[in-house]
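Since the structure comes first, as structure tokens, the remarks are kept for the end.
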Amino acid sequence: MKITVQSKSGTHVFDCGEQESILHAGLRQGLTLPYECATGTCGTCRARVMTGQAEMRWLEAPGGARLKRDKGDVLMCQTRARSDCEVAVPSPIVVANGAPPAARDGVIRNIRHLAPDVAGFDVRLSAPMTFEAGQFVVIEADGFPGGRAYSMVNFETEVDTIALVIKRKPGGSFSEWLFREGQKEPRVNVFGPLGRAVFRGDEGKNIVCIAGGSGIAGMMSILECASRNAYFRAHRGAVYFGVRTALDAFYLEPLSHYAATSHGNLDIIVAFSHEAAAGPVHADFPGLKLARGMVHEVAGNAMDGRLGDALFYVAGPPVMVDATIRALVVGGVSSRDIRYDKFA
Ligand code: FES
């Protein structure tokens, strides 16, 4: 099918396969179509189908709450074309620099439990992928409508295996399927890399990472990239990692390693929202500090009045991300210096 997109910056035309979303088709052909979550939750990819037939697969997608469906509004990340279409997008679109995201086949391997309801797993890719620290992929599996977004934990220039983190949700059919089928190495579709909340080794600013639960995944990739670039020789960093209790914390060993090799320039604070910390520092993992409270409040208190000259990375549940961004903006941080991904 041929998709013609009218945008504030002109008209673009691209091909769209029967089985791919309009968003994926445009992105893989190098266009900067608007998106954030790529999984139907944020509403950023809103567009209006002016002519032609298109079908939104997940009608109840939370990101579609404000669509004017009677006027042809759709979420491009959830919509497949059923004929040639003309689509209007309310933002500028240009041709992106660099390699565009692409679809690959993947095989899930090596599921490992990290915390009571969190697991890590690898996806072996059918073709290597290059990505930036902080980016994510969307994974789709047969029998599960829509896709799920996961940030890469690892960081390499080019990888054939990506490491991801999943939170097990009671009644969350995909996560339960993954835990059940994991030993059989199930096949999935992988689209990416996606996301603009990236860290490059030449940012030139101090960095602050604020993560809730499995949101720490992308921060691990950022820390690995920073570590490889000896970033903390010349810059300071802080990581605030929020979990409910000490039992829910994971990746403490690599975090402790990053703190130990940071020349004293990286503070890592694990915040417990549902119990008191056993002490000011972790007894088993040197370099990790402990605190009690919601992670955005712990971060806000620790940085009180010292928010300038840093890049802020935020990841986690949407409520936590929203609260953190609000607190940062109220504290005087420019929105240009806040990078975040909001998955649900
Ligand atoms: Fe489509 Fe978020 S990008 S709803």
Side-chain angles (χ1 to χ4, degrees), residues 36-44 62-63 65 114-120 133-136 148-153 164-170 172 175 194-199 207-223 237-252 255 267-277 288-304 307 310-333 335 337-344:
E36 213 167 87
C37 69
T39 51
T41 58
C42 72
T44 309
L114 300 174
D117 61 353
V118 179
Q135 286 196 293
F136 66 92
R148 282 132 191 96
Y150 301 98
S151 294
M152 273 71 84
V153 175
L164 309 170
V165 168
I166 187 168
K167 183 172 168 59
R168 187 173 200 167
K169 297 193 186 101
S175 63
L194 296 167
R196 302 179 187 103
V198 301
F199 170 83
I207 62 171
V208 178
C209 301
I210 305 172
S214 55
I216 194 71
M219 308 303 180
M220 300 304 289
S221 186
I222 288 171
L223 290 173
V239 177
Y240 298 89
F241 177 22
V243 288
R244 289 163 60 90
T245 69
L247 264 184
D248 299 308
F250 54 98
Y251 285 151
L252 299 186
L255 286 170
D267 287 328
I268 300 183
I269 300 94
V270 184
F272 305 129
S273 59
H274 282 63
E275 69 180 19
L288 302 190
K289 299 174 185 166
L290 303 177
R292 163 90 202 242
M294 303 302 287
V295 66
H296 66 284
E297 292 169 358
V298 169
N301 292 338
M303 294 183 293
D304 194 21
L307 290 176
L311 282 176
F312 292 81
Y313 294 87
V314 187
V319 171
M320 171 254 154
V321 173
D322 285 341
T324 305
I325 293 170
R326 234 182 351 259
L328 291 173
V329 170
V330 168
V333 177
S335 57
D337 291 331
I338 304 173
R339 300 177 185 179
Y340 61 93
D341 283 318
K342 213 176 352 177
F343 304 151

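Counting begins at 1 with the first residue of the sequence.
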In this structure, CZ of F136 is separated from SG of C37 (nearest 0.5 Å) by 7.0 Å
Side-chain donor or acceptor of D248 paired with backbone N/O of T245 under 3.5 Å = yes
*Would you check if Y150 and I166 make a side-chain contact, meaning some heavy-atom pair closer than 4.5 Å?*
yes
One should read off an interatomic distance between Y251 OH and I268 CD1, to the nearest 0.5 angstrom, of 14.0 Å
Here the pair of heavy atoms bringing A211 nearest to V295 is O-CG2, 4.0 Å
OG1 of T324 to CD1 of I210, rounded to nearest 0.5 Å, is 5.5 Å
All heavy atoms of G134 vs all of S221, minimum pair found to be N-OG, 3.9 Å
One should read off an interatomic distance between L311 CG and I222 CD1, to the nearest 0.5 angstrom, of 9.5 Å
Shortest non-hydrogen pair, F250 vs A115, comes out as CD2-CB, 4.1 Å
**Message:** With a 4.5 Å cut-off on side-chain heavy atoms, are F312 and I325 touching?
**Reply:** no
Margin query: When you compare the side chain of M152 with that of L164, does any pair of heavy atoms fall below 4.5 Å?
Written below: yes
Nearest heavy-atom approach of A315 to V321 is C-CG2, 3.9 Å
### Task
Evaluate the side-chain proximity of V243 to I216: yes if any heavy-atom separation is below 4.5 Å, no if none is.
no
Should F241 and L288 count as side-chain neighbours, where that means a heavy-atom distance under 4.5 Å? no
The reported gap from NE2 in H274 to CE in M294 (rounded to nearest 0.5 angstrom) is 7.5 Å
Notebook entry, point to check: Are any non-hydrogen side-chain atoms of Y340 and E36 less than 4.5 angstrom apart?
Noted result: yes
Check: Can you check whether R339 reaches R196 side chain to side chain, under 4.5 Å on heavy atoms?
Finding: no
Interatomic distance, OG@S151 vs CE@M220, rounded to 0.5 Å, equals 12.5 Å
In terms of heavy-atom contacts, Y240 and A302 come closest through OH-CB, 3.3 Å
message = With a sphere of 6.0 Å drawn around CZ of R168, does it hold more than 12 non-hydrogen atoms of other residues, nucleotides or ligands?
response = yes
Tightest non-hydrogen contact, residues G212 and P317, listed as O-CD, 3.8 Å
Sequence neighbours excluded, the answer for side-chain hydrogen bond (donor to acceptor under 3.5 Å, both in side chains) partners of D117 is K167
| query | Does the side chain of V314 reach to within under 4.5 Å of the side chain of L328, using non-hydrogen atoms? | reply | yes
